[in-house]
S.K.: 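Would you mind keeping the following structure in view while I ask a few things?
Every chain is numbered from 1, with letters handed out A, B, ... down the list of sequences. Keep in mind that this is a model prediction, so the values were computed, not measured.
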Amino acid sequence: MSGPMEAAFYVAAAVAVVSTLLAISRLVAVHALLYLIVSFLSVAVVFYTMGAPLVATLEVIIYAGAILVLFLFVVMMLNLGTRDRDQERQWFSGAAWLGPAILSAILLAEVIYLIVSGATTGGLSATVGPKEVALALYGPYMIGVELASMLLLGAVVGATHLSKQEARP
Amino acid sequence: MNAVPMSHGLILGGILFAIGLAGLLMRRNLLLILVSIEVMLNGAGVAFVAAGSRWAQPDGQIMFLFILAAAAAEVSVALALLVRYYRMRGTLDADTARGLGE
Amino acid sequence: MLELLWLVPAIPFASALVLAVVRLPRKVVAWLAVASIAASTIISLLITYSFLHAPPAGNAYTEVLWRWLDVSGFHPDIALYLDPLSLIFMVVVAFVSFLIHLYSTEFMIGDDGYSRFFAYMNLFVASMLTLVLANNLLLLYLGWEGVGLCSYLLIGFWYRDPVNGLAGRKAFIVTRVGDTSFAIGLFLLFQQLGTLNIQDLMRVAPQSWHVGSGVAVAVAFLLLGGAVGKSAQLPLQTWLPDAMAGPTPVSALIHAATMVTAGVYLIARTHVLYALAPSAQFAVAVIGAATLLLAGFSALTQHDLKRVLAYSTISQVGYMFLALGVGAWPAAVFHFMTHAFFKALLFLGAGIVIQALHEEHDIFRMGGLWNRLPVAFWTFLIAGCSLAGLPLITAGAFSKDWILWGAASAAQGSTGLWVAALVGVLLTSLYTFRMIFLVFFGQEHTPIAKKPGAAMLIPCIVLAFLSIAGGYIRIPFAHFLEEVLPWTTRVASAVPLSETASATAAGLVFLLGLVLAWFFILRRPSLSSALVKNPAGAALHRFWFSDWAMDWLYERLFVRPILWIAQIGKGDVIDGSYDGLALLTQGGWRALRSTQSGKLRWYAAVIAGGTIIFIAVVLFL
Amino acid sequence: MIADYIIPSLPLLLVAGTSVVVMLAVAVRRNHSVAFGLTLLGLAASFCSAFFVPVRQLGILLTVDRYGLFFIGLIAAAAMAVAVLAHGYLAEREGNKEEFYILLLVATLGAMVLACSSHFVSLFLGLEVLSIGLYSLIGYLRERPLPVEAGIKYLVLAASSSAFLLFGIALVYADLGTMEFSRIAQLAASGTNLHYDLLLPGVALILTGIGFKLALAPFHMWTPDIYQGAPAPVTAFVATISKGGMFALLLRYFSQSRLDLFSPVLVVFSIIAIASMFAGNLLALFENNVKRILAYSSIAHMGYVLVALEVGGQAGAGAVIFYLVAYFIMTLGAFAVVTVLSPRERDADQIDDYRGLFWRRPWLALGFTAMLLSLAGIPLTVGFFGKFYIIAAGAATGAWALILILVITSTIGLFYYLRVVVALFQKQTETEAAAPTRRRTAPAAALVLSVLTLVLIWLGVFPSPLLRIIQAAIHTLL
Amino acid sequence: MILLWLIVVLIIGGILAWAVARAIPLLSRWISVVAILLDLALALYLAVQHLNAGPWLAQADWDWIPQFGIHFHLAMDGLSLLLVILTLFIGLLAVFVSWREITTAIGFYHFNILCILAGILGVFLSLDLFLFYFSWELMLVPMYFLILLWGREHRARAAIKFFLFTQISGLLMLIAILALYIAHYRVTGIYTFEYAELLGTPLSPLASMCIMLGFFAAFAVKLPVFPFHTWLPDACAEASTGTNMILAGLLATTAGYGMIRFLFPLFPNATRTFAPIAMILAVIGILYGAFLALSQTNLMRLLAYASISHLGFVLLGIFASNALSVQGAVMTMIAHGISTGALFLIAGLLEARTGSRELDSMSGLWDTVPRLSGVGLFFALASLGLPGMGDFIGEFLVLLGTFRGHLIFAIVAACGVLAAMFYALRFVQRAFHGPNLRQLHLPDLAMREGFVLGVMIVALLWLGFYPQPVFHTFAHAANHLPALWR
């Protein structure tokens, strides 16, 4: 039973894969980040087609929005320019990518093999909306939320400390 | 009802994960390594959402939320370290980070 | 009186201990050393007196001092056993030792190891007495090893010269080869008969074994191995000539009078076993005969006065073995006694000569001493005659005739053995007079430096007396020994001669030797040197001189291979294999260490690789 | 609510709360000692509360049982030791010091959460909380190249291994529809909805994440670099608390999810254990950097514990816990010495720094020796009894091959401990020049070290009381 | 209780000796002496008090680690009593000999010496297998330090080698102990390490053999048996004199004791099956040790190989397993402890005087140190098995016993005795005899040294001439052994 949702899934998935591939292979950091945004956006679409609208939203807002902006900010701060592009080309040339590619391909093959052979019958069915998620989140997973807060606290403290410039004597 | 089998969702997650891994292993630029890790985490997230969707449970999505939080936290610290590193070494080359080892 | 028996070995032992531990002035040392042996001698004489006049029950006396050990059926005692055989040995050993000690007090006076010398000597006497008095084979073995030790110590007494040490070591090791065989014999005896008590063994053995049984033969041969080693018989005789490196009194005491006869004593003591093992007994006789001939030939060629005497000793002990082998037991013991007298005297005389001539050992550099050292000459001459067997007068002649007669008529006697013994007489006579003529007659080559004093001369005179008088007690001697060592006769004599005829033959042969020696040495010395110079003669001379090249052979057969193995094994091959193991782990370390490159991406790749492998494992296993 | 949630989670809350309080205190006024004191106080309170807290299941995520509380107590105690060491260490070094304690508390909290987790979500969150603290702690000396490099390395590898873990969890979840450990066992037992093809690879991927934190081969590559680069007290933290918390989780996961029923997983465990024992011990053989030696040694030790884990059952679990306690004591002790000896500019990590220590500072050297011998498993030390326990557990189930490998590799391992000991006792004259300047040991650090040494020996001789506690703890686990 | 004191006194003494060393080094030495003497007094008291009290002269039993069924069970029979006395005696000598030799870290030295003695005593006294293993391993560390801290040039390597060898073999024994423990549990449902309980645990032949080999490994390394011996020469070449006395003299006795006490009673069948191999190893060891001793130039190394050769007799005697050979083995152990201890002591004295352990640098010492040389000669003779000394009694009985069932082994081993001559006499020849090439003028035996050696000479002669009381004391323990195979 094919439907628009299904088509959307596959299209978005394809876009996600391609853009991700491009993202990790760009020589200029900004380009990579831009592709990554595309990837994230398409993953958001995938989420939506899988019945997870809340997550789809957050994917856009936090991943594509917050996290990647952070990356961009750093790129700008470090002022990575063409010199880096040449360097990247040099780093990326030759067989540097061959081994990792093979490794990843094997892993992928394994994962696909197991998922396919697993004959996982269940479909991606019901939409689990924000409400249910929220209920679960602040019900059984409440402690998790608290922990996440500690996680962020740690991150904040750590990042602050690490990035603070010391007045050099 | 959606006919997309869960396995396809998982496979998408797997593909993203693998691409992320490939990036992690291929790139020498630390920034792009971090990017690759984000891709891997994202792939895992996709898998979670797909799995949660299969069971019609919120747990998968909740897990995704936590991944998101963790990713954000990690990225912030990572970038802070990255900047430090760049300031010290003047490069983001992962392979020059060999003050340790050898 | 008999209870004092334990004092006989104990006094010298105590004296040895005191001499070894306490530092004493020379006078006291000499006094103590001699007095201790004198005390032993007196006690043993008293015991002899009491033994002869009031024989203990069974003509034997056992004195148990204490139980040595008692381990599940093995319970040897420290116990002494006195019977005619051990009595004779005890008295002779003690007495001769006493004389030699007395002699040594003067002979060694200039030596800085004075106290040490007497400590060793006393220890030796104590061991020898323990050996002959032991009531069980383990204690006998203790004495046996003890005399071996003292021999080692005394040969190497002048330790500063490594050659002496080597000679001592050689003596100890070669005799110990025999001892090992002896020890194995003990194991076998104990395993078979369950005891090492000599009298018990002698009683039980004939009940347990029939004549010629394998075990009996094995035991007899194993014990023979020990005897051969200690008594310097073929094939373990090589140590004795070298043993002359020790001070001359040592040679007199150990390598002539007493220790080397330990083998004789052992075989006599265990003669029951040999009776059970005719083949072994025959071997004893053959070894004796072969040794007496070979040593006799070697003695003919030696230059060193003491080495001549050494070969002579080997040869004479060969006679004793011959006697034992044929079953003429008392003859062997009798020859032991007379030999103790005259051979001790010969060495003492040699000591006087050597000391008089600035430690000159070469008989070709001596000569014309007969009027310079008259006492020495006359006593030496008497001893020489006794050795060579001057008939009717000397003790040596009596004992040798007896052996000859034994070779002809005793149970295992045969014509061949008799002839060998007769040839031996010729050889003895030849080399003895060769020696006497060279040393005391002819031209003087070296001036006299020192004249012997009373302490050295008195023992010589006493021994000279005994070398003659000793022969006349043959009949009571045989009688005395009869119970312990019965003369075994064969049905008919192997040689168609009477005892008198045999003795006459020996006397004639002796004369022949004397005349030949006179002819070659004094009359026509050029002839003898011509003989030695012609190629065949020279080769033979060299061959005999080197003791039939046995040393040469052993050196190549045993000494060098052992040293070679020891040398290549020095680094411990086994250790090498552990080093290999270490290298292996080191290799593992190197390989693994190279993975720790510090490269981030490589680390990540390993993690990914590991994961992939594990997924594969769970998937496909 | 209070009785159900607050009180049982008091040990965790106290740590979390303390971190907030310290942060607030920093906001008011920066003071090293105050931050340190508060931290110590909070940890002590948490430690004490672990004795009184009622046993309760906190929602689906956390299980506060005797087992968890035992580890919470252990972690709190270890964290106190680390804090004490860090106090002296940081006092001599540049930069702000107070954040260290906040991060320490956060990371400690993460480890504690791991110890109580009975759910994948809390596993992940605990892990992340722990990690996020660690990233910053490792790179804490931000002006120095080595810590920053170590921080980045650790971060990249930890984050990617987290991704593996997550993907694994996702697979398990996709297969079973639950992320609770105990439910997994039930479902697996019932056989419904079961596709091992998803479950087992999922478990394998989870093991990657766990194995990484535990530095098990082949996920161990980071260990020496991070140990070497991180400041000594942080290394102590990485070596003990981080691994201890993770192992507590692994044991719970292993026994509650009944992983021992899946034979392929056991094979993987065996491979990991054997590889770890070999890799750790061989790698350390000729290493000249003490921190790296300890890193390699920790790989091997985790391999030993894994043997005990795999053996399973009452004895196996007991051996795991006992060995972890032993490992905590000796590792903390060893790093305490490293910390105390470190001069201002760098950490005392070269073996040359230790040459002749016995002749200069005998007590310190003897303490270190005790730790090293304990690591080597020599009697009179807790390490010996730990190893004994493991071998006993292995023998009980007949895992002879593993035990034999354990014995062989630990003998190889003996070599490098002894190398260090040899250096410690080398005669002074040979090395005086190379030695760091003579300094006095800070009283607090000395106290920590002596307490650790005493406990090390006490438990080595009288392990009974600890065994009793451990048995009580296991009781709730199995 | 008194058994516990035996151990505790040493440990307390060790700690005290350590504590006072910095202030008053001499006191440290005296504390060690007093502690050992006190222990010796305790042991002798036990001997006098309870000598005929039955198989066990004294026992003490406490719960130690109840969770594992581990007891702190000490017990002493005649065999352990003798070995305890020997241990303390040699220990005392080790302290004496270190009087001048050890000048650094005096307190720690004595602490280690006393600890190792305590460990050895623990081995001799424990009846709980865990405690036994514990004590067994406890001997290691102090010994390691003794080699490491007060050794010669290559001490680090030797110390590590020693440690590795003994440790891996010890761990194998631990596995074996645990296997036995588990096997016993499977049969009875009781966890215990109690010796008496574990006796007669039914085992399959294979299991029994494997477990037995585990035990044997530990004992074989410590004895040391032929292919596992290489640590001993290395250690002896490097360690100080007192250490060597303990290394070669005492550690071996623990192995022999372990075989008699544990190996045979626990695994009668497996040991019987294994006996031929063990005896072959023993005989090889006897000859191999003697041969290698012959070519050594380092005196300590020479003595180490000689020890290996002698200890072959212990192994041979124990595995020949008849009343004679086992008692002979025990006697060899005791006499070897004394004579080898004395030889190492002499080597140490020579080293102290000539400044070298190399035979090549000694020659003609008799000229300058006649008493020392004489004593050296005496012990060399003891070593070559001269009758009248304890070594002879032991080796003779071993051979006599072995001969009963294993003719060939006995004969070959007897050749080993012969081989002992070579190295012993070579030692005498090279060190004492010959010309005094270096024109040395050295002090002869001092009063204290002379006294110590005199005591050893007397002891050895006593064992040689009147060993019966000693045999009587351990007869029960040793006689037990052959009965096991029937």
Side-chain angles (χ1 to χ4, degrees), chain D residues 314-315 318 322 358-359 362 365-366 369-370 372-373 376-381 384-385 387-398 400 403-404 406-419 421-429 460-468 470-471, chain E residues 18 22 63-68 70 72 104-105 107-108 115 119 122 130-131 133-141 144-145 147-151 155-157 159-183 185-186 191 193 210-211 214:
Chain D
Q314 187 97 9
F322 192 96
F358 176 74
W359 307 99
L366 286 170
T369 308
L372 290 167
L373 291 180
I378 305 301
L380 268 191
T381 62
F384 161 72
F385 198 81
K387 216 163 260 171
F388 168 79
Y389 204 162
I390 291 180
I391 296 177
T397 50
W400 299 115
I403 291 181
L404 216 60
L406 189 155
V407 164
I408 291 167
T409 52
S410 68
T411 310
I412 298 172
L414 201 54
F415 177 77
Y416 56 84
Y417 297 122
L418 293 183
R419 263 185 85 224
V421 175
V422 167
L424 285 175
F425 287 86
Q426 224 158 50
K427 289 283 189 303
Q428 196 172 5
T429 45
V461 181
F462 296 105
S464 255
L466 180 61
L467 287 173
R468 214 168 298 135
I470 287 173
Q471 276 174 356
Chain E
W18 194 1
R22 192 164 285 187
D63 261 359
W64 184 13
I65 306 173
Q67 287 89 343
F68 283 86
I70 295 171
F72 199 89
T104 49
F108 195 50
C115 277
F130 181 83
L131 182 61
Y133 177 76
F134 196 83
S135 314
W136 183 264
E137 292 285 292
L138 214 54
M139 298 186 292
L140 282 188
V141 181
Y144 169 73
F145 282 126
I147 300 173
L148 179 63
L149 279 172
W150 296 277
R155 57 186 178 278
R157 184 172 184 275
I160 290 181
K161 191 167 181 179
F162 161 77
F163 210 128
L164 289 178
F165 266 78
T166 36
Q167 178 70 9
I168 191 160
S169 65
L171 284 172
L172 289 176
M173 178 163 80
L174 177 62
I175 295 181
I177 289 176
L178 283 167
L180 183 64
Y181 167 77
I182 299 295
Y185 169 75
R186 294 221 174 111
Y191 282 121
F193 284 97
C210 290
I211 297 175

S.K.: Students often mix this up, so state it plainly: with edges at 30° and 60°, are the rings of E:Phe193 and D:Phe388 parallel, tilted or perpendicular?
M.R.: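 Tilted.
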S.K.: According to the interplanar angle, ranging from 0 to 90°, do the rings of E:Phe108 and D:Phe358 count as parallel (below 30°), tilted (30 to 60°) or perpendicular (above 60°)?
M.R.: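 E:Phe108 vs D:Phe358 ring planes: tilted.
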S.K.: Under the salt bridge (Lys or Arg N to Asp or Glu O under 4.0 Å) test, which residues partner E:Arg186, sequence neighbours left out?
M.R.: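 Here no residue qualifies.
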S.K.: With a 4.5 angstrom heavy-atom cut-off, could you sort out which part of E:Ala183 is near chain D: side chain, backbone, both or neither?
M.R.: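 For E:Ala183, there is no contact with chain D at all, as no heavy atom is under 4.5 Å.
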S.K.: Give me the atom names and distance for the closest heavy-atom approach of E:Leu171 to D:Ser410.
M.R.: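 Heavy atoms only, the tightest pair is CD1-OG, 3.6 Å.
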S.K.: Could you give the distance from OG1 (D:Thr411) to CZ (E:Phe165), rounded to the nearest 0.5 Å?
M.R.: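 Answer for the OG1-CZ pair, D:Thr411 versus E:Phe165, is 11.5 Å.
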S.K.: Which atom pair, heavy atoms only, marks the closest approach of D:Arg468 to E:Gln67?
M.R.: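 Here D:Arg468 and E:Gln67 meet closest at N-NE2, 3.3 Å.
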S.K.: Heavy-atom pairs under 4.5 Å with chain E are the metric here; pick the option from D:Leu404, D:Ile412, D:Ile408, D:Val461 that has the most.
M.R.: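 Option with the greatest count: D:Val461.
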S.K.: Does any heavy atom of chain D fall under 4.5 Å from the side chain of E:Ile177, the backbone, both, or neither of them?
M.R.: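 Contact with chain D is absent: no heavy atom of E:Ile177 under 4.5 Å.
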S.K.: What part of E:Phe130 is in contact with chain D, defined as an atom under 4.5 angstrom from a non-hydrogen atom: side chain, backbone, both or neither?
M.R.: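 The answer is the side chain of E:Phe130.
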S.K.: What part of D:Leu406 is in contact with chain E, defined as an atom under 4.5 angstrom from a non-hydrogen atom: side chain, backbone, both or neither?
M.R.: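 No part of D:Leu406 comes within 4.5 Å of chain E.
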S.K.: Sequence neighbours left out, what pairs pass salt bridge (Lys or Arg N to Asp or Glu O under 4.0 Å) with at least one residue falling in residues 159-170 of chain E?
M.R.: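 Every salt bridge (Lys or Arg N to Asp or Glu O under 4.0 Å) pair that includes a residue of residues 159-170 of chain E, provided the two are not neighbours, is C:Asp575-E:Lys161, E:Lys161-E:Asp234.
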S.K.: Are D:Phe384 and E:Tyr133, when compared by the centres of their aromatic rings, separated by less than 6.0 Å?
M.R.: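 Yes, ring centres under 6.0 Å apart.
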S.K.: At a heavy-atom distance under 4.5 Å, which candidate from E:Leu172, E:Leu174, E:Leu149, E:Leu138 has the highest pair count against chain D?
M.R.: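 It is E:Leu149.
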S.K.: To the nearest 0.5 Å, how far apart are CG in D:Leu466 and CD1 in E:Ile65?
M.R.: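 Answer for the CG-CD1 pair, D:Leu466 versus E:Ile65, is 11.0 Å.
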S.K.: Side chain to side chain contact (heavy atoms under 4.5 Å, CB included) with E:Leu148: which of D:Leu424, D:Val421, D:Leu418?
M.R.: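 Among D:Leu424, D:Val421, D:Leu418, the one that satisfies the side chain to side chain contact (heavy atoms under 4.5 Å, CB included) with E:Leu148 is D:Val421.
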S.K.: Which answer fits D:Leu467, side chain, backbone, both or neither, if we ask what part of it has an atom under 4.5 Å from a heavy atom of chain E?
M.R.: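 When you check distances to chain E, atoms from both the backbone and side chain of D:Leu467 fall under 4.5 Å.
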S.K.: Taking the six-membered ring for Trp and the single ring otherwise, decide whether the centroids of E:Phe68 and D:Phe385 are under 6.0 Å apart.
M.R.: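 Aromatic pair counts; centres sit under 6.0 Å.
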S.K.: Enter the distance from D:Leu373:CG to E:Glu137:CD here, rounded to the nearest 0.5 Å.
M.R.: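 One finds 11.5 Å between CG of D:Leu373 and CD of E:Glu137.
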S.K.: If I take atom CZ from residue D:Phe462 and atom CZ from residue E:Phe72, how far apart are they, to the nearest 0.5 angstrom?
M.R.: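 Rounded to the nearest 0.5 Å, the CZ-CZ separation comes out at 7.5 Å.
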S.K.: If you count heavy-atom pairs within less than 4.5 Å of chain E, which of D:Val407, D:Thr369, D:Ile403 leads?
M.R.: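 Ranked by contacts with chain E, first place is D:Val407.
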S.K.: How close do E:Ile160 and D:Arg419 get, counting heavy atoms only, and between which atoms?
M.R.: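 Taking every non-hydrogen atom into account, CD1-N, 4.1 Å.
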